[in-house]
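The figures here come from the full heavy-atom set of this structure, side chains too, leaving out hydrogens, waters and symmetry mates.
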Amino acid sequence: MEEFDAVIEDCTSALGVQPEYIKALLRRAQAHEALGRPTEALEDMRKIVELDPSVKAAANSIPRLEAASAAKLEEQKEEMLGKLKELGNSVLGKFGLSLDNFKAEKDPTTGSYNISFGQ
């Protein structure tokens with residue numbers, strides 16, 4: 001793990017000197033992916049394809065990284081919603097309530113939410 005962090009540091013330093021250094025972008029993207037950071041890897045791969053569309057390794061990685069990045073984002077959203085629900089329940093619990101007592105329904109015509117209470 002520390003090796004990948006060192007690779008990212010070294011590549012970032014190299015890119016500070018030469019921002020269009022494709023080999024450094026590719027190595028940094030691979031290190032980000034190995035560390036479970038698909039969004040950062042995707043940014044680097046897109047930059048590589050922008051600079052040189054003939055780099056097949058980058059072009060072929062983009063669809064996989066897009067899927068992994070979207071999955072990671074969904075995972076983070078679920079985690080954040082879970083934490084927010086815990087926080088809400090800790091506050092409402094003092095009043096004998098829970099977020100489970102409230103139901104939010106989205107109005108398809110306006111996009112707004114209607115919140116109702118039920119016990």
## Note on the structure
Hits for side-chain hydrogen bond (donor to acceptor under 3.5 Å, both in side chains) against Asp10, two or more places apart or cross-chain, chain-then-number order -> none

### Task
For the pair Asn101 (side chain) and Ser98 (backbone), establish whether a donor and an acceptor sit closer than 3.5 Å, ignoring hydrogens and angles.
yes

### Residues Lys103 and Glu105 bridged, charged N to O under 4.0 Å
yes

### Task
Find the distance between CD1 (Ile22) and CD (Glu50) and round it off to the nearest 0.5 Å.
10.5 Å

### Query
Of Gln30, Lys56, Met45, which meets side-chain contact (heavy atoms from CB on, under 4.5 Å) against Ser61?
Met45

### Query
At what distance, to the nearest 0.5 angstrom, does NZ of Lys23 lie from CG of Leu15?
13.0 Å

### Task
Applying side-chain hydrogen bond (donor to acceptor under 3.5 Å, both in side chains), name anything that partners Ser54, two or more places apart in sequence or on another chain.
Asp52

### Message
Rounded at 0.5 Å granularity, tell me how far CG in Leu73 sits from NZ in Lys77.
### Response
5.0 Å

### Message
Given 3.5 Å as the limit, does a donor-acceptor pair link the side chain of Lys72 with the main chain of Gly36, or not?
### Response
yes

### Query
Below 4.5 Å, heavy atoms only, C-beta onward: do Leu25 and Leu51 meet side chain to side chain?
yes

### Query
Salt bridge between Lys83 and Glu86, side-chain N to carboxylate O under 4.0 Å?
no

### Task
Decide side chain to side chain contact (heavy atoms under 4.5 Å, CB included) for Ile8 and Leu35; before the verdict, give the C-alpha distance in whole Å, the side-chain angles of both, and the deciding distance to 0.1 Å.
CA-CA 10 Å; Ile8 291 170; Leu35 289 173; 3.6 Å; yes

### Task
To the nearest 0.5 angstrom, please state how far the CD1 atom of Ile48 sits from the CZ atom of Arg28.
9.0 Å

### Task
Could you grab the distance from atom CZ of Arg64 to atom CG of Leu42, nearest 0.5 Å is fine?
10.5 Å

### Task
Start with the C-alpha gap between Arg46 and Glu43, add the side-chain angles, then the distance that decides, and say whether salt bridge (charged side-chain N to carboxylate O under 4.0 Å, His left out) holds.
CA-CA 5 Å; Arg46 284 184 175 154; Glu43 289 173 17; over 6 Å; no

### Side chain to side chain, Asp107 and Asn114, heavy atoms closer than 4.5 Å
no

